[in-house]
Q: 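Before anything else, here's the structure in question.
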Amino acid sequence: MQASEMAFYFFSVVIVISAMLVVISRNPVHSVLWLIATFFGSSGLFILLGAEFLALILMIVYVGAVAVLFMFVVMMLNINFDQLRSGFTRYLPVGLLIGLILFVELSLVFSHWIPANSYDSKIQDSTIGDVENTKQLGLVLYTDFILYFQLAGIILLIAMIGAIVLTHQRKRNVKRQDILTQIYRDPEKAIELKDIKPGQGL
Amino acid sequence: MSYLDILTIGPELILVLFCLVSLLVGSFYDSIKTSGFIFLLTIGILILIAILIYISPYKTIPAFGGAFIRDAFATYFQITILISVVALLVLSKDYLIKYDLLKFEYPILIAFATLGMLVVVSSENLLVLYLGIEIQSLSLYVIAAFRRDNVRSTEAGLKYFVLGSLSSGLMLFGASLIYGSTGSIEFKEIFIAISSDGFLLGIMAGLVFLISGLAFKASAVPFHMWTPDVYEGSPTPVTGFFATAPKVAAIAILLRVLFDCFGSAVESWQQVIIVLSFCSMFLGSIAAIGQKNIKRLMAFSSIGHVGFALIGVACATEEGVAAVLIYMVLYVIMNIGVFAFILNMEREGVAVTSIESLSLYSEVSQGQAFFLTILLFSLAGIPPLVGFFGKFYIFSAAINSGLIWLAVSGGIASVVAAFYYLRIVYLMYFGAKKELLTGNMPFTHWLLLIVTATLMLVGTINLFGLEGPARVAAVSLLN
């Protein structure tokens, strides 16, 4: 067995086991940690495929941001996970049945999968040459793909505007820091020195 | 990217720049006055863009490596969308001020939604299509929930968001299946692949998912379940907006995808569209009968109208496409008029949406009742009003392409639908004595109501010359 094959089996086993543990572990914090393990395994698979950029993005975005966000949600919101999980055994047979149906359907589709004749000529291997795919993406992102890239940026902007519009409360009587008045404050006028004799009040 | 690409996409670029600048201005000088100013400016910019698109010489040249094209078809729909957005913005201002909803984000989100619609109509590949739809729907989710302290409105926003993301997911899945079978996301390349290699299994699965996603956006049965709730819950100007521009855009994308991408495999999608159309027409007509809320009624009415428009799509002929183009424009005009009326239904300063409250409205305002009657007759498709001609074009196209039974069932559905439109007219003139509505109407709303109703009468002469551009647009789509 080659090293890459061994690595593939290792990562796959890690992914499958930790994905199962995400569902069945009792402690929700453990579930999130197992989820992180799943992400790590998947990024290993991407590296095996030669898509190192995708692997790194998966690490940074999913492990670094999304999983941590999950962790915050789990720890901050008081969700009763036992109650959520109470129907597990009851729904298990139906869930398994649906999973089986989906599996059969997908295998039916993929066993008859015939791509168009022109397919191979259009799909390029991303690892051709000595240009690694991070650089390849960099070469096209602002040139050929500028329209897509900017449109995606607009989508994110709208999401941000939406979040602010729907949650931001405009309270008028909140005390905020006003930097300008702070800067222009004159120490001469702000502080007044008084000489107080002992035994006397002000 | 070249100089020519920038020029081609110029109008959209102006819109984006405008949105960004006014967003900055709005957040620094946040007051009712600035919001009102940005509101008016948005209307101005949208009109400007409509003019620019009309006179733009950069047509039929695909920009960005064939991702974006502004052919006659795109121009036709873009101008329709822009005009309807402008009309709805004009209508919504008074309402927003009255219910303390006039924030500067409202016109900006509407402008972003318009941008999404403009992009999507001229998309020439699946990625731009998806991105445009997302820009459009993300803004719509937010403005559906714009009245955030109202339970109904937030419910509408949330429902729309959850179901909308589901449909986007379906669409993406379909697009990836198509990409997986043809190796391309360009409409042209997919068209060539289908013509040379036949209709592969993966493409078929992808097409079904893609149509489901688009049918959701157009709210065709069986993907309509969100429509009544969202229409009822959203603030009324937003409901009016939902009923016009996004609907037009959804039908436009459907046409674009079906003809540009799958034009060589008509028989594979024709039955799907026929089923969607048949179900939409009948559900739209029958389910509307029991409605008590006029916004819900308009939701079912819009479902029914989408069904009629889909008959034209199912014809898969040039005549059918031209009929759809005409029908959508007429539909938008009628809806603008009706919503100009609905926005002003109130009693003692409180908005009322029940249909019952319209009884004896003719005693409140003879003029409004009369003009609304004309619009409702037109929506029902009663000759000699323009709405009849819209349906007439659709049905004759269906008959000419051999879909006689669909045309006949369309006729039956429109007779059923006429019942609930006429019931409103009946209530307005012969309803039971009840508490009457106030019947006040700002000048702009009056104007739009009169203009749209007059168009319904005048348009019977030559349909405002709409037929010519519609034919040109249909030809440009089919070639």
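Protein chains get the first letters and strands the later ones, always in sequence-line order, with residue 1 at the start of each.
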Q: Checking B:F161 against chain A: side chain, backbone, both or neither under 4.5 Å from a heavy atom?
A: neither
Q: With respect to chain A, which residue among B:R148, B:E134, B:K103 yields the maximal number of heavy-atom pairs within a distance under 4.5 Å?
A: B:R148
Q: Enter the distance from A:L151:CG to B:Y130:OH here, rounded to the nearest 0.5 Å.
A: 12.5 Å
Q: Going by heavy atoms in the side chains, are A:W113 and B:L201 under 4.5 Å from each other?
A: no
Q: Which atoms of B:L177 are under 4.5 Å from chain A, going by heavy atoms: the side chain, the backbone, both sets, or neither?
A: both
Q: For atom CD of A:Q2, is the number of surrounding heavy atoms from other residues, nucleotides or ligands below 6.0 Å larger than 12?
A: no
Q: Do A:F145 and B:L127 touch side chain to side chain, with heavy atoms closer than 4.5 Å?
A: no
Q: With a 4.5 Å cut-off on heavy-atom pairs, point out which of B:G180, B:G65, B:S139 contacts chain A the most.
A: B:G180
Q: Against chain B, work out which of A:L157, A:I154, A:I158 has the most heavy-atom pairs shorter than 4.5 Å and name it.
A: A:I158
Q: Quick one: of B:I135, B:I9, B:V119, who has the most non-hydrogen atom pairs under 4.5 Å with chain A?
A: B:I135
Q: Check each atom of B:L20 against the heavy atoms of chain A and say whether the ones under 4.5 Å are side chain, backbone, both or neither.
A: side chain
Q: Counting heavy atoms not belonging to A:F70, are there more than 12 under 6.0 Å from its CZ?
A: no
Q: Which bit of B:L109 is near chain A, if near means a heavy-atom gap under 4.5 Å: side chain, backbone, both or neither?
A: side chain
Q: Select one option (side chain, backbone, both, neither) describing which atoms of B:A205 are under 4.5 Å from chain A's heavy atoms.
A: neither
Q: Checking B:L131 against chain A: side chain, backbone, both or neither under 4.5 Å from a heavy atom?
A: both
Q: Do A:L166 and B:V142 have side chains that approach each other closer than 4.5 Å (heavy atoms only, starting at C-beta)?
A: yes
Q: How close do A:L147 and B:A67 get, counting heavy atoms only, and between which atoms?
A: CD2-CB, 4.3 Å
Q: Using 0.5 Å steps for rounding, measure from the CD atom of B:E12 to the CD atom of A:Q150.
A: 14.0 Å
Q: Just wondering, more than 12 heavy atoms not from B:D100 lying within 6.0 Å of its CG?
A: no
Q: Would you say B:Y99 has more than 12 foreign heavy atoms packed within less than 6.0 Å of its OH?
A: yes
Q: Of the backbone (N, CA, C, O) and the side chain (C-beta and beyond), which part of B:L115 lies under 4.5 Å from a heavy atom of chain A, both, or neither?
A: side chain
Q: Where does B:L23 contact chain A at under 4.5 Å (heavy atoms): side chain, backbone, both or neither?
A: side chain
